[in-house]
Amino acid sequence: GGAANAGNATTTSAPPSSNKRNRSNNGRRGNKNNSNISNSSITRGEDEPVVSGGGAAKFMGTIDLDEDEEAELYMSSDPAPDPNAPAVFMGTMDDGDFTFDASSDPATGVASAGAGPGGTESYKSVAARVFVPPSEGARPELAFLYDPAAVAVIVAGGSGAATAASGLNAPEVMGRCNDVIRECTSMDAVLATVREMTRAGMVPVESTYLAIMLVCRDSAVGPARAIEVYDAMLLNGVAMTKSTFDLVLECTLRAKQITDALRVKKDMQRAGVPVEARLFSSLIKALCDNDVGKRRGAKPRLIRTCKLFEEMLAAGVQPPPAAFNALITAAQRARQPDLVARTFEEMVSSGVSPSRETYETALAAVSGGGLVDKALDIFAAMRRDGFEPRKTTYNSLLEACASAPQPRVEQAFEIFYKMTGDGKVEPNNRTFALLIDAAVRAGMPSFAFDAFDAQRAAGVEVTIGTYNRLIHAAGLQPAPLGLKAALELFAEIKSRTDMSPDEYTFGSLLAACARAGDTERADKLVKEMVSIGLAHNRVTRHAYIMCLGRSNKWREALAQYEIQREEAATLIAAGDSKAAAAIAPTHETYTLLFDALLGPSGAEAAIATVALDRGGGNAFIQGERAAAARAVFRDGIEAGFFEEPINGWDASVSDMRSGGGGGESGRGGGG
């Protein structure tokens, strides 16, 4: 409000710009979100520091970006205004709505003596002003513009000592008009007010535009239109102070006009106005949370966030906690736990005290990446800073143990006992799910049942997800005990009225049948699944194919594969490509099917058969299984999962056959 009432304050020169303005024919501002972001990758040397000192400011290590790929995002997109052109206020309207030539008197058309280059008139140089009569429908709040005596009183601060020679463009008069603008609640009202001001002989200055931007920010007009007012200032060559830059950046960020915000920041820097840490933080968070340009997704957002973070470092601006937190969040969303850990280390080493939010975000990110030791370091630092661990804190540590390349199930239970030892933090369903996951991934199913017993003892609700995990764990036990335990859990699910088995329940059961080699039980489970209205998904289909293959029922396994392909093709024909992709064969499908087709022991057994057969393996090569495997392999090539053999499969088989009909020389030639 105070800034809106200011007159011609000390200003910087209008920011020069580099690219042409994108405007439509009617004068409205065009779409500027046209940046072309190319593919990028993030790499970093093992011994490279997180932030190199001083001017280098290389935070990311190496960011592989094309030189010009995002230049437009970080550059001004407006030309430098022509100082000899008539001033045009085009912020929110068409070309004909309002054009004011400040070099002429609005009442007489005679050139004003005080008008300088660019049409900006100094109120001190006006010797006499022709006061025009008010137009029909003039705003009562602006009645003083038509009364020389009232203007003189306003200029004199109410003393009446000044004369009309002080002019309408005195800061005091401009401030009164800006107050009227601030009371507007629509852009139509704003435009009507500005037209009346200019008709009376006033020349819009920075504070006028600032008042209009405040209306955009604070009313139903909306902050998105503030950038149009800013563009009008550029066209008119109006010099801007830091207050204007700050306000238009605030509005563009509120409106999620990220490209425009970056352009204004660049204009601000070119004008010599320093960009402070707070503004850098706001822009970094905006890039973290929003897509810009054609390249979308978490990784492009991370690259842009890092680019701006490095620019902040290069400018000598100390990153505040909010900037570090935004960068950590961007790295977490892009699944870059190593970068999260390095960012956190740099944050602490630079003397910035992480907030609880930063601690929790960093801990969740490194835990999701299975970096147990890093997670424990962050946890220890969090405790040293006086932050008591919460339920989510302990669950993040458990996730680290479960996600580690070598899952640490025993350490997970130690963390669990620490969590529940003093009774301050109660475990939830996710706590026990992570314990079970750690046990399953470590191949230690007994620990999964220990977690299940602890969950029941703690009175935590057991969900269908918990049962599915336990059935999976049970299936890892030696047959037939594993299948027996899985079926007992399945019976327990069916005995409850508050839950029903789902596709993942049957998928885990079928996997247990496969390990036990019990196809009869698997067939019954599939029929039961279909009878309760559940269809095969990829998990159940794969488990069933694996079970059939291990029982040497390769024709049935092949039939399941054909059904899978047909169902996916039907969905594609119906236009539902997303659903088709969810059930279509994958590389894992072909792997399981080859094992089923080539024998109970898979491809290794088939190779041994060919190698040891005194007939050179002709019987196997010419058999049904090999023919089916060749056909499936061709399907895999067409689907893009395999590469075409150099000589072709059939040519290789032909060479093998011609190499020898039997004996050692035949195997050698066909080898």
Side-chain angles (χ1 to χ4, degrees), residues 39 297-299 335 368-370 402-403 405 437 440-441 443 465 468-469 471-472 475-476 501-515 519 522-523 525-526 529-530 534-607 625-645 649:
N39 198 5
K299 188 172 181 180
R335 300 181 183 274
S403 303
D437 286 345
V440 169
R441 291 170 184 169
N468 291 345
R469 286 178 166 87
I471 291 173
H472 186 190
L476 297 177
D502 59 16
E503 293 90 340
Y504 297 98
T505 310
F506 285 98
S508 296
L509 287 167
L510 290 171
C513 290
R515 293 187 185 93
T519 54
D523 292 339
L525 287 170
V526 170
M529 180 180 73
V530 174
L534 296 176
H536 269 296
N537 63 8
R538 189 177 286 146
V539 172
T540 58
R541 187 81 68 185
H542 283 178
Y544 196 30
I545 289 174
M546 179 172 63
C547 184
L548 293 169
R550 292 187 178 182
S551 299
N552 206 22
K553 294 187 175 183
W554 63 272
R555 290 184 179 87
E556 290 84 346
L558 184 61
Q560 289 297 316
Y561 161 73
E562 295 294 348
I563 293 172
Q564 185 179 10
R565 291 184 68 213
E566 290 171 5
E567 290 178 351
T570 300
L571 289 171
I572 291 175
D576 195 348
S577 58
K578 184 176 181 180
I583 67 169
T586 63
H587 194 283
E588 183 182 1
T589 311
Y590 290 101
T591 300
L592 293 171
L593 197 57
F594 286 138
D595 284 344
L597 293 173
L598 298 177
S601 298
E604 293 85 354
I607 294 171
R625 286 191 169 190
R630 287 195 293 271
V632 170
F633 184 72
R634 291 191 191 96
D635 292 342
I637 293 173
E638 293 176 2
F641 294 112
F642 306 110
E643 294 183 2
E644 183 77 42
W649 176 281

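All values below were derived from every heavy atom in this structure, side-chain atoms included, with hydrogens, water molecules and symmetry-related copies excluded.
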Spatial distance of atom [atom1] ([X]) from atom [atom2] ([Y]) [nearest 0.5 Å]:
X      : Y      : atom1 : atom2 : value
Phe506 : Leu525 : CZ    : CG    : 6.5 Å
Ile471 : Leu509 : CD1   : CG    : 4.5 Å
Glu503 : Leu510 : CD    : CG    : 12.0 Å
Arg625 : Arg555 : CZ    : CZ    : 8.0 Å
Asp635 : Phe633 : CG    : CZ    : 11.0 Å
Leu548 : Asp595 : CG    : CG    : 13.0 Å

(request) Start with the C-alpha distance between Trp554 and Leu598, add both sets of side-chain angles, then the distance that settles side-chain contact (heavy atoms from CB on, under 4.5 Å), and finish with yes or no. (result) CA-CA 8 Å; Trp554 63 272; Leu598 298 177; over 6 Å; no
(message) Could you walk me through whether Cys547 and Lys553 satisfy the side-chain contact (heavy atoms from CB on, under 4.5 Å) test, starting with their C-alpha distance in whole Å, then the side-chain angles of each, then the deciding distance to 0.1 Å, before giving a yes or no?
(response) CA-CA 9 Å; Cys547 184; Lys553 294 187 175 183; over 6 Å; no
(message) Can a donor-acceptor pair be found, under 3.5 Å and without considering hydrogens, that links the side chain of Arg541 to the backbone of His536?
(response) no
(request) Using atom types as modelled and distance alone, determine if a side-chain donor or acceptor of Arg550 lies under 3.5 Å from a backbone N or O of Thr519. (result)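 A pair under 3.5 Å: no.
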Given side chains that start at C-beta, do those of [X] and [Y] come closer than 4.5 Å, heavy atoms only?
X      : Y      : result
Gln560 : Leu592 : no
Leu476 : Arg515 : yes
Asn537 : Tyr504 : yes
Thr589 : Phe641 : no

Closest contact, heavy atoms only, [X] versus [Y]:
X      : Y      : answer
Pro405 : Gly370 : CD-O, 4.0 Å
Met546 : Ala511 : CE-CA, 4.3 Å
Gly549 : Ala596 : CA-CB, 3.5 Å
Ala568 : Ala580 : O-CB, 3.5 Å
Tyr544 : Ala522 : CE1-CB, 4.2 Å
Gly507 : Ala543 : O-CB, 3.7 Å

(request) Mind telling me whether Phe642 and Tyr590 have parallel, tilted or perpendicular rings, with 30° and 60° as the class edges? (result) perpendicular
(request) Using the side-chain contact (heavy atoms from CB on, under 4.5 Å) rule, take Ile583 and Gln564 through it: C-alpha gap first, then chi angles, then the decisive distance, then the call. (result) CA-CA 7 Å; Ile583 67 169; Gln564 185 179 10; 5.5 Å; no
(message) Please evaluate residues Glu556 and Leu558 with respect to the criterion side-chain contact (heavy atoms from CB on, under 4.5 Å), reporting the C-alpha separation (whole Å), side-chain torsions for both, the decisive distance (0.1 Å), and the verdict.
(response) CA-CA 5 Å; Glu556 290 84 346; Leu558 184 61; over 6 Å; no
